[in-house]
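Before anything else, here's the structure in question.
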Amino acid sequence: MILFKGDLYHSKDQEIILNQLEDEINKTRRTKMLNPEKVIVALEKLGQSIAEGEFDALISQLNIEGIEKHIDIILMSLKRENIEYKVKTELGEHYFDIQKTDPPFNQKKLWIRPMPLGTLLHIAAGNIDGLPVFSVAEGLITGNVNILKLPQADKGLSIKIIKKLIEIEPDISDFVYIFDTPSSDLHAIKKMAEMADGIVVWGGDAAISAVRQFAPVGCKLIEWGHKLGFAYISGYEDKEKELTALAEHIISTRQLLCSSCQTIFLDTNSQEELHAFCEEFLPYLEVAADKYPFQSIDVIAERTLQKYYEKLDNIISGSAIRNDRVYKGKHCSLTICPDKNLELSDMFGNCLVKGLPRSELFSTLRKHKGYLQTAGLICQRERREELTDLLARSGVVRIMRAGDMSSAFCGEAHDGEYALRRYTRIVNIQ
Amino acid sequence: MKYRSLLFKTSDPFDTFNTEELFVKAVKENSKYQYDNCPEYKKILESMNFKPDFIESYDDIQKIPFLPTLFFKNHNIYSMPSYKMIKATSAGTKGKFSNIGFDFTGLLCGLRMVLKIGKWRKLFSFIPANYIVFGYKPHRKNKTAVTKTAFGATLFTPAIRRTYALKYKKGKYVPDLEGIVKAIEKYSKSRFPLRFMGFPSYTYFVLKMMDERGKRYKLKKGSKIMLAGGWKQFYKEQVEKEVLYKLANKVLGIEEEDIIEFFGAVEHPILYCDCINHHFHVPAYSRVIIRDVESLEPVENGKIGLVNLITPMIKATPILSVVTDDLGILYDGEECGCGILSPYLEIVGRIGLKDIKTCAAGAEELIKEVKL
Ligand SMILES: [Zn+2]
């Protein structure tokens with residue numbers, strides 16, 4: 001399905017619609033401005049209709065475990081208080097007003113006119129829920145024209161939600177276009193990219209490098225790539241409380257989020273300490289797994305079979321099987337690895353444990369600079385400042401308490417940046 | 001391979017009890033052959049510290065390292081020089097296909113099995129019949145096994161005419177349901193029975209179309225609906241079987257016992273055919289072990305798990321013990337009540353979130369396109 005000027009069209013009309021899209025967008029950008037206040041009102045109303053269950057049938061079709069939690073976060077983020085606070089934090093007070101510079105050296109003053117970046121192409125690759133709508137909402141708040149290429153797994157939800165948004169505020173219809181173009185249709189995606197001033201891409205390495213291949217030179221790339229979260233443990237303030245919180249975080253997020261803990265680093269070089277930690281921590285994980293039982297047997301089965309397949313593959317290709325030590329619990333596991341790399345775990349309650357002394361923390365994390373985002377820091381009170389500083393210097397952009405690694409906070413930056421700033425530009429006028 | 005031949009000569013195709021000893025011997029014989037002739041298989045067994053000589057009793061079968069069907073999609077492994085084999089390709093999604101080689105004697109065993117099971121389910125008749133095949137018309141480019149099964153079943157009885165529901169046009173398959181409705185109308189006036197063969201979803205759509213148009217026929221005695229496809233076709237939540245049975249009776253006058261389902265997979269080419277209660281009992285040529293989705297250890301009957309299928313039928317490829325992408329439950333045979341005592345298998349789902357596009361889902365999509 002395609003959403004064009006507020007109306008739905010069949011995917012087969014894509015070529016015809018794409019051919020007139022640029023003219024339409026040009027007309028809008030030449031003559032219209034989206035009032036941010038109207039967008040805020042509309043988003044808040046949209047949040048109400050989501051809360052009232054208007055999209056429940058479609059959402060349940062997505063069949064995502066723990067979707068309620070996601071929805072709560074989405075509802076919070078659509079509230080006026082949050083959006084206003086976000087705009088204020090990210091763009092500063094009175095951003096949308098035209099202001100004047102006040103330069104030194106008696107220079108002449110210039111007008112500062114904030115403008116949207118222009119046309120944003122959102123490529124929502126992958127599977128994070130509610131994300132396509134969210135990305136477009138940020139584009140709308142900043143007044144951009146948004147072209148959204150839907151991910152395959154969307155099942156029509158995003159189109160329905162945005163159509164509702166347009167019903168609430170018809171002015172938005174000229175500022176959103178949605179296509180369900182498959183990622184394989186490069187021709188069409190390139191065409192969209194050529195119209196864009198910025199491409200917002202969500203997804204893994206493959207999606208991002210694909211976009212880099214075809215993005216026109218001069219088109220701004222706003223990459224929200226996949227990140228790897230980790231915990232760093234160097235002593236405790238309240239061991240039982242902190243290990244419980246970490247275990248519940250690992251189990252309840254299924255380690256599926258960018259901020260989820262994949263690897264637990266211990267501030268040590270001693271193998272014995274790693275083993276002692278696993279023996280102590282595994283029961284915490286088991287308790288958490290019991291508290292947040294995982295229902296999707298099909299997902300567990302797939303992981304098991306995939307691992308088994310990899311084992312066979314390694315046997316046949318003769319590649320060395322890593323000498324990992326696995327602590328297997330009920331519906332969870334801890335694996336001690338000999339290396340110090342930050343890597344993706346097997347997820348679903350299966351965490352990696354590695355030794356990484358403080359002295360090697362910085363150099364190790366630098367090797368993974370593209371993947372840094374959240375660190376859950378567990379340490380003695382007197383070491384917190386020093387370790388926080390070290391993590392910040394190494395490129396980590398969220399330093400949290402272990403239990404809050406995946407909590408959402410109003411006004412927090414996204415992967416170390418204020419997204420709205422990247423969706424806008426400044427025009428200086430003499 | 002003398003034990004294999006003996007096993008496939010068993011007189012009762014569902015006697016899994018008295019054939020147990022023979023089955024174990026045939027499995028051992030096959031495992032030994034694979035071990036000696038397929039270097040990859042040998043490597044796998046060696047690294048898992050297993051030797052074919054370890055197989056002494058039925059309980060040892062579960063210890064044989066099994067290969068997931070995914071393995072055959074990424075590796076072409078054979079235990080015979082290719083000039084001795086006949087190769088088949090599975091009906092795959094996303095362009096991934098299993099390449100399995102069959103040996104001639106293995107196929108003869110298969111033929112024996114098909115004849116025996118077909119006879120038991122009264123599929124043979126000397127009376128010629130018209131055929132409607134809800135599948136692909138065989139095409140040079142279409143090597144998939146589904147076509148072969150669908151076509152093969154039209155050989156159960158002499159075929160007068162075959163009409164296909166999926167036609168190959170400009171490089172892709174398109175459903176021709178209107179053509180099928182017309183063909184049914186024509187064949188219903190014939191003095192010969194009519195047999196349907198193919199994917200359940202198409203059968204269902206055609207019957208529904210006819211029902212909505214108020215069409216009612218009484219087909220000749222000996223008319224049958226044979227439903228087949230991959231394992232995937234038999235998900236519980238697919239076309240509700242009861243609905244299909246009622247519709248077939250209403251529209252075509254076909255009784256429930258004349259609706260026969262079967263399935264098979266290239267990686268486990270054993271013909272599974274339903275009993276009068278529409279349960280898939282394990283035939284004597286095959287054994288099923290359901291495995292825990294985490295530990296891969298066998299679970300007891302009635303519990304859900306990964307489906308491990310074992311047969312010594314094929315020499316050319318080590319498909320002795322394979323694990324499919326399905327989730328299934330094995331029930332005690334007595335629970336069925338049809339008289340067959342071998343356990344029966346129910347496929348209840350498929351692993352993983354992605355790649356859930358099955359042939360059946362694909363078929364439904366094709367049909368939706370036609371309706372638009
Ligand atoms: Zn039965």
Can you tell which part of Leu327(B) gets under 4.5 Å to a heavy atom of chain A, answering side chain, backbone, both or neither?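 Leu327(B) touches chain A through side-chain heavy atoms alone.
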Who are the side chain to side chain contact (heavy atoms under 4.5 Å, CB included) partners of Tyr371(A), not counting sequence neighbours?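 Scan of Tyr371(A) (side chain to side chain contact (heavy atoms under 4.5 Å, CB included), adjacent residues dropped) gives Asp205(A), Leu228(A).
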Taking atom CD1 of Ile304(B) and atom CG of Asp298(A), what is their separation to the nearest 0.5 Å?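 Nearest 0.5 Å value for the CD1-CG distance: 8.5 Å.
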Locate the shortest heavy-atom distance separating Glu294(B) from Thr304(A); write the atom from each residue and the value. O-CG2, 3.4 Å
Which heavy atom of Ile315(A) sits nearest to which heavy atom of Met48(B), and what is that distance? CD1-CE, 4.1 Å
Do Leu70(B) and Leu305(A) pass the side-chain contact (heavy atoms from CB on, under 4.5 Å) test, and can you show the C-alpha distance, the side-chain angles, and the key distance before you say yes or no? CA-CA 9 Å; Leu70(B) 175 67; Leu305(A) 210 52; over 6 Å; no
Close side-chain approach of Tyr308(A) and Val323(B), heavy atoms under 4.5 Å: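 Side-chain contact under 4.5 Å: no.
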Provide the full list of salt bridge (Lys or Arg N to Asp or Glu O under 4.0 Å) pairs with a residue in residues 296-324 of chain B, sequence neighbours left out, each pair given once.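 Non-adjacent pairs meeting salt bridge (Lys or Arg N to Asp or Glu O under 4.0 Å): Glu300(B)-Lys303(B).
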For Tyr309(A) and His75(B), take the angle between the two ring planes, folded into 0 to 90°, and tell me which bin it lands in: parallel under 30, tilted 30 to 60, perpendicular over 60. tilted
From Ile297(A) CD1 over to Asp292(B) CG, what is the distance, rounded to the nearest 0.5 angstrom?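 Rounded to the nearest 0.5 Å, the CD1-CG separation comes out at 7.5 Å.
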side-chain contact (heavy atoms from CB on, under 4.5 Å) for Asp313(A) and Asn74(B)? Distances and angles first, verdict last. CA-CA 9 Å; Asp313(A) 213 33; Asn74(B) 294 325; 5.8 Å; no
Just so I know, are the side chains of Val293(B) and Arg303(A) near enough to count as touching, which here means a heavy-atom distance under 4.5 Å? no
Take atom NZ in Lys5(A); do more than 12 heavy atoms of anything else shown fall under 6.0 Å from it?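 Yes - once you tally the heavy atoms of other residues, nucleotides and ligands closer than 6.0 Å, there are more than 12.
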To check you understand the geometry: which heavy-atom pair defines the closest contact between Leu312(A) and Phe66(B), and what is its length? CD1-O, 4.0 Å
Is Lys160(A) atom NZ crowded by more than 12 heavy atoms from other residues, nucleotides or ligands, each under 6.0 Å away? no
Tell me, side chain or backbone of Lys328(A) under 4.5 Å from chain B's heavy atoms, or both, or neither? side chain
What part of Tyr41(B) is in contact with chain A, defined as an atom under 4.5 angstrom from a non-hydrogen atom: side chain, backbone, both or neither? neither
